[in-house]
Protein chains: 2
Amino acid sequence: MGYLVSTKGRYALRMMLDLAENSGGNYVPLKEIAERQDISLKYMEAIMPNLVKAGLVSAVQGKGGGYMLSKDIDEYSVGEVLRASEGSMVPVACLEGGFECPRSETCKTRKVWERLDHMIDDYLDSLPLSELLERGPWTA
Amino acid sequence: MGYLVSTKGRYALRMMLDLAENSGGNYVPLKEIAERQDISLKYMEAIMPNLVKAGLVSAVQGKGGGYMLSKDIDEYSVGEVLRASEGSMVPVACLEGGFECPRSETCKTRKVWERLDHMIDDYLDSLPLSELLERGPWTA
DNA sequence: AATATTGCCTACAAAACTGATAGGTAATTA
DNA sequence: TAATTACCTATCAGTTTTGTAGGCAATATT
């Protein structure tokens with residue numbers, strides 16, 4: 001078994017939350033996030049571009065630059081952050097896009113995976129990122 | 001991202017279904033299952049012992065031997081078969097047993113994973129293996 | 001203009017995991 | 001005795017994960 005969500009996705013979530021809490025309308029340099037979150041700066045440098053490409057975060061280069069959320073925190077879902085950083089997020093190889101399993105027509109187990117996948121997506125996509133903040137109901 | 005369920009679990013499910021359909025109270029040799037399911041015999045030899053150890057399947061060595069389900073097909077859940085073959089089945093490393101993440105007390109994302117894990121287990125554990133058979137409502 | 005800061009890009013790599021394969025041993029029946 | 005079958009250990013190629021290293025490009029401050 002592998003993990004549905006790897007460090008890429010988990011770190012991305014923490015980076016987004018860090019931005020929400022520590023940017024005050026300003027751009028936050030990655031170095032600061034790295035220190036606060038105790039995540040390798042160089043590794044985050046590999047994760048951030050995915051969030052930028054997906055339009056979740058805006059970046060500015062040069063001195064005084066850094067990253068900033070491009071929407072209000074409660075407009076994000078956990079699912080969209082994870083998908084942007086993980087690339088793909090399915091529970092079994094059978095469901096991987098751009099690939100049709102030759103057994104899919106007669107396979108008795110396929111529906112199990114399809115429903116499982118749907119359930120996972122539903123949960124993560126309907127969960128607002130803002131729920132995870134201190135002020136959210138979960139930690140109250 | 002990795003896959004929550006690998007070939008180990010997927011093959012195990014197909015092997016159990018094959019046993020349900022093709023054993024008529026008799027022990028079925030692995031070689032037959034390998035041919036019907038088109039799965040490597042040697043690979044299955046690595047998977048079966050896990051199902052035996054978990055008590056899901058009983059084995060008899062020697063000529064005329066093989067494997068047989070130890071319960072009626074509708075007494076199994078998909079979840080117990082997967083757990084027996086996969087060993088562990090959690091969506092993120094944070095939840096791996098025998099290991100306590102030092103951040104777990106203050107981590108804002110942990111509850112996401114706990115709920116996700118619970119949801120997945122609930123679904124798979126409440127799904128009877130017999131649902132996947134031809135006669136099940138899914139393929140009707 | 002010079003300098004410091006910051007994001008961005010490519011390449012590399014150790015470790016672990018996946019998906020097997022190979023070969024031999026033990027048990028059981030015909 | 002011979003054939004069949006499960007069981008056990010070791011090996012292994014390929015991929016993925018989790019980073020690291022180094023330099024280039026852009027921008028603000030001085």
- Message: Checking A:Ser88 now: which residues fulfil side-chain contact (heavy atoms from CB on, under 4.5 Å) with it, not counting sequence neighbours?
- Response: A:Val90, A:Glu96, B:Met1

- Message: Is B:Ser6 close enough to C:dC17 that one of its side-chain N or O atoms is under 4.0 Å from OP1 or OP2 there?
- Response: no

- Message: Please report the distance, rounded to the nearest Å, between OH in A:Tyr67 and P in C:dT6.
- Response: 12 Å

- Query: Listed by chain and number, what are the side-chain contact (heavy atoms from CB on, under 4.5 Å) partners of A:Ser23, not counting sequence neighbours?
  - Reply: A:Val28, A:Met68

- Task: Using chain A heavy atoms and a threshold of under 4.0 Å, write down where along DNA chain D the contacts begin and end, 5' to 3'.
- Result: D:dT18 to D:dA28

- Query: Which pair of non-hydrogen atoms, one from A:Asp125 and one from A:Gly79, has the smallest distance, and what is that distance?
  - Reply: OD1-CA, 3.3 Å

- For residues 43-64 of chain B, which residues have at least one heavy atom under 4.0 Å from DNA chain C? B:Tyr43, B:Gln61, B:Gly62, B:Lys63

- Rounded to whole angstroms, how far apart are CG on B:Leu41 and P on C:dT21? 10 Å

- Counting distance only, does the side-chain N/O of B:Ser70 pair as donor-acceptor with the main-chain N or O of B:Ser58 below 3.5 Å? no

- Find out whether A:Arg10 and A:Met15 are in side-chain contact, i.e. whether some heavy atom of one side chain is under 4.5 Å from a heavy atom of the other. no

- Note: for A:Gly2 and A:Gly65 on DNA chain C, the residue whose nearest nucleotide lies more 5' is A:Gly65

Expected list for residues 37-53 of chain A: side-chain donor-acceptor pairs under 3.5 angstrom, two or more places apart:
{"unit_1": "A:Gln37", "atom_1": "OE1", "unit_2": "A:Arg14", "atom_2": "NE", "d": "3.2"}
{"unit_1": "A:Gln37", "atom_1": "NE2", "unit_2": "A:Asp18", "atom_2": "OD2", "d": "2.9"}
{"unit_1": "A:Ser40", "atom_1": "OG", "unit_2": "A:Lys42", "atom_2": "N", "d": "3.4"}
{"unit_1": "A:Ser40", "atom_1": "OG", "unit_2": "A:Tyr43", "atom_2": "N", "d": "3.0"}
{"unit_1": "A:Lys42", "atom_1": "NZ", "unit_2": "A:Glu45", "atom_2": "OE1", "d": "3.4"}
{"unit_1": "A:Tyr43", "atom_1": "OH", "unit_2": "A:Thr7", "atom_2": "OG1", "d": "3.0"}

- Item | Distance test, side-chain N/O of B:Tyr11 to OP1/OP2 of C:dA20, below 4.0 Å | yes

- In whole angstroms, how far is the P atom of C:dT5 from the NZ atom of A:Lys31? 7 Å

- Item | Base C:dG23 to side chain B:Lys42, donor-acceptor N/O within 3.5 Å cut-off | yes

- Any residue meeting salt bridge (Lys or Arg N to Asp or Glu O under 4.0 Å) with A:Glu86, in chain and number order, not counting sequence neighbours: none

